[in-house]
Amino acid sequence: MNVINARLRGKDGLYRIVLDGERIAAIDLQPGPFTPARDDIDAAQNLVTPPFIEPHIHLDATLTAGEPRWNMSGTLFEGIECWAERKALTTHEDIKTRAKKTLGMLVDHGIQFVRTHVDVTDPNLTALKAMVEVRDEVRHLVDLQIVAFPQEGIESYANGRGLMTEAVAIGADVVGGIPHFENTREHGVASVEFLMDLAERSGCLVDVHCDETDDAQSRFLEVLAEQARVRGMGARVTASHTVAMGSYDNAYCYKLFRLLKQADINFVSCPTESIHLQGRFDTFPKRRGVTRVAELDRAGLNVCFGQDSIVDPWYPLGNGNILRILEAGLHICHMLGYEDIQRSLDLVTVNSARTLNLGERYGLEVGRPANLLVLSAPDDYEMIRSQGQALVSVRGGKVLMRRTPAQVQRFA
Ligand code: 17E
Ligand code: FE2
């Protein structure tokens with residue numbers, strides 16, 4: 001199968017991408033537009049990119065908003081309370097059904113790689129065991145990475161360390177954490193040291209919910225970064241949210257950024273989630289409660305965007321469309337300048353791939369898996385401006401999803 005008349009990001013001209021079974025066999029510059037043959041996918045001079053990535057979502061909690069009650073304050077903390085009540089009602093099948101339904105929503109928007117946090121502060125590890133099965137059962141749709149996520153803490157939850165260790169033994173790919181939610185600063189520091197040890201010992205990646213609070217005194221990012229630096233694990237470590245950085249003063253950030261560059265860890269920002277959950281204890285002026293995305297990017301650090309939630313105790317909306325997050329994030333983070341906008345798809349593609357350590361499993365290059373998208377616009381800028389969409393998603397050389405754009409008729 002061939003994809004023809006494709007524009008590639010950062011390149012002039014039109015390309016033909018030859019797919020041979022599950023691999024990309026060739027990427028050839030065309031002399032001009034081609035007329036499609038029977039089996040061709042015609043990109044119609046629009047962008048062809050590698051698949052979108054969801055680097056941060058909680059598939060165990062999706063589609064539970066309002067069960068058993070709504071988060072009325074809109075805070076992270078009430079969300080955690082609501083989830084604790086809902087978590088007590090979950091079953092193996094409940095987790096699997098909702099996770100698969102949500103994954104379908106992601107697939108419909110061109111996502112083929114997903115990292116999900118799964119709450120392991122549960123003596124039975126119900127959600128984790130269910131998600132390990134889901135990971136196998138959805139392989140034809142997405143590559144799923146499972147994070148052992150201690151929602152109620154490692155040091156502050158009964159047998160927290162044991163549950164984390166068991167989750168890794170059962171098959172989690174990534175070790176998580178939540179140091180800002182531990183009962184004391186010391187517990188927070190100890191939790192980071194513990195989880196880094198666990199990851200190093202087991203070979204897991206690391207993705208910590210880090211400083212997800214407007215409290216400018218929450219400084220666990222420096223602990224995580226220093227641990228990553230000393231162990232030489234930066235590329236395998238991700239700091240998610242880091243919204244306290246939006247409240248740190250510039251003098252502290254100046255010093256912090258030096259460490260971040262030395263550690264070279266990855267960052268995930270969930271801008272729609274954070275703009276909703278944070279700033280809740282402020283009156284006016286009101287903080288944005290989002291990390292310094294543009295500044296991290298300018299400093300040469302790797303940042304990507306995630307959805308975090310779809311209809312759960314923390315966030316009532318969401319439809320699987322990561323481009324909605326990208327559009328909102330570019331606004332919220334002051335990234336609508338020409339240079340940012342024209343490479344904005346990095347934030348939901350290659351940057352996310354680096355966060356997930358996908359390596360040669362990702363990218364439009366000869367020899368790599370035949371996974372790609374045909375988008376509805378010719379470049380990044382036009383994708384954002386027109387609120388473009390993924391029109392075709394190809395996985396393993398086969399069409400996984402095809403979207404027909406809405407037709408508008410005007411009569412005058
Ligand atoms: N749990 C958490 O601690 N933070 C979040 N943003 C979500 C769950 C969605
Ligand atoms: Fe999260």
Side-chain angles (χ1 to χ4, degrees), residues 54-67 70-71 73-87 90 95 98-99 102 106 114-122 127-128 131 145-154 156-157 160 174-183 188 191 195 206-215 218 220-221 224 238-246 266-280 289-291 304-318 320 322 325 328-329 332 352 355-356:
E54 175 48 70
H56 188 123
I57 194 163
H58 296 251
L59 289 178
D60 54 346
T62 51
L63 310 177
T64 65
E67 301 172 10
W70 288 92
N71 178 346
S73 66
T75 60
L76 169 70
F77 303 103
E78 189 178 343
I80 294 174
E81 289 163 20
C82 293
W83 170 241
E85 292 171 31
R86 181 59 176 79
K87 178 165 61 171
T90 56
I95 297 281
R98 287 183 294 99
T102 309
L106 302 181
V114 177
R115 176 179 282 182
T116 182
H117 295 256
V118 180
D119 187 359
V120 298
T121 48
D122 158 17
L128 185 95
M131 206 64 72
Q145 289 184 359
I146 297 175
V147 187
F149 171 55
Q151 177 67 76
E152 296 182 54
I154 297 175
S156 317
Y157 187 81
V174 186
V175 173
I178 187 163
H180 56 276
F181 194 69
E182 301 283 355
N183 289 341
S191 75
L195 70 90
V206 174
D207 191 331
V208 174
H209 279 64
C210 197
D211 304 316
E212 189 185 11
T213 165
D214 288 323
D215 176 7
S218 186
F220 296 103
L221 176 56
L224 181 66
T238 297
S240 281
H241 302 305
T242 63
V243 304
M245 200 198 289
N266 305 288
F267 292 83
V268 180
S269 171
C270 303
T272 49
E273 182 97 4
S274 295
I275 204 81
H276 168 66
L277 289 177
Q278 306 300 323
R280 291 284 177 168
V290 178
T291 197
C304 57
F305 281 149
Q307 314 195 40
D308 208 4
S309 292
I310 296 180
V311 192
D312 73 9
W314 294 275
Y315 184 79
L317 308 179
I322 189 79
I325 311 304
I332 294 164
S352 326
T355 297
L356 266 56

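Ligands are counted one by one from 1 in listed order, and the atoms in each one are counted from 1 as well.
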message: Under 4.0 Å from a heavy atom of Ser309: which atoms of ligand 1 are those, numbered in the order shown and with their elements?
response: 9 (C)

field: Polar contact flag, side-chain donor to acceptor under 3.5 angstrom, Asp211-His180
entry: no

message: Quick check on contacts: which atoms of ligand 1 are under 4.0 angstrom from a heavy atom of Ile178?
response: 3 (O)

- prompt: Does His117 bring an N, O or S atom to within less than 2.8 Å of the Fe ion (ligand 2)?
  reply: no

Atom nearest to the Fe ion (ligand 2) - His56, N, O or S atoms considered: NE2

message: For Ser156, is there any backbone N or O sitting under 3.5 Å from a side-chain donor or acceptor partner on Glu182?
response: yes

- prompt: Does a side chain donor of either Asp308 or Trp314 reach within less than 3.5 Å of an acceptor in the other side chain?
  reply: no

query: What orientation do Tyr315 and His276 show, parallel under 30°, tilted 30 to 60°, or perpendicular over 60°?
result: perpendicular

query: Can you tell me which residue and heavy atom of the protein come closest to atom 4 (N) of ligand 1, and the distance to 0.1 Å?
result: Glu212 OE1, 2.8 Å

query: Contact between Phe149 and ligand 1, counting heavy atoms under 4.0 Å?
result: yes

message: Check this for me - ligand 1, Asp308, N or O atoms closer than 3.5 angstrom, yes or no?
response: yes

query: Do any N/O/S atoms of Asp308 come under 2.8 Å of the Fe ion (ligand 2)?
result: yes

query: NE2 of His209 to NE2 of His58: how many Å apart, nearest 0.5 Å?
result: 3.0 Å

query: So Asp122 and Lys87, salt bridge (Lys or Arg N to Asp or Glu O under 4.0 Å) or not? Walk me through it.
result: CA-CA 8 Å; Asp122 158 17; Lys87 178 165 61 171; over 6 Å; no

statement: heavy-atom search around atom 3 (O) of ligand 1 in the protein gives Gln151 NE2, 3.0 Å

- prompt: Quick one: CZ on Phe149 to CD1 on Ile178, what's the gap to the nearest 0.5 Å?
  reply: 4.0 Å

message: Suppose I only count heavy atoms of Glu273 and a 4.0 Å limit; which atoms of ligand 1 are within that range?
response: 6 (N), 9 (C)

Residue His241 vicinity, atoms of ligand 1 by number, heavy atom under 4.0 Å: 6 (N)

- prompt: By side-chain hydrogen bond (donor to acceptor under 3.5 Å, both in side chains), which residues pair with Thr116, not counting sequence neighbours?
  reply: none

message: Please confirm whether His117 approaches ligand 1 to less than 4.0 Å, judged on its heavy atoms.
response: no

- prompt: Can you list the ligand 1 atoms lying under 4.0 Å from a non-hydrogen atom of Leu76?
  reply: 2 (C), 3 (O), 4 (N), 5 (C)

Donor + acceptor pair across side chains of Thr121, Gln151 (<3.5 Å): no

message: Report whether any nitrogen, oxygen or sulfur of Cys270 sits less than 2.8 Å from the Fe ion (ligand 2) (N, O or S, backbone or side chain).
response: no

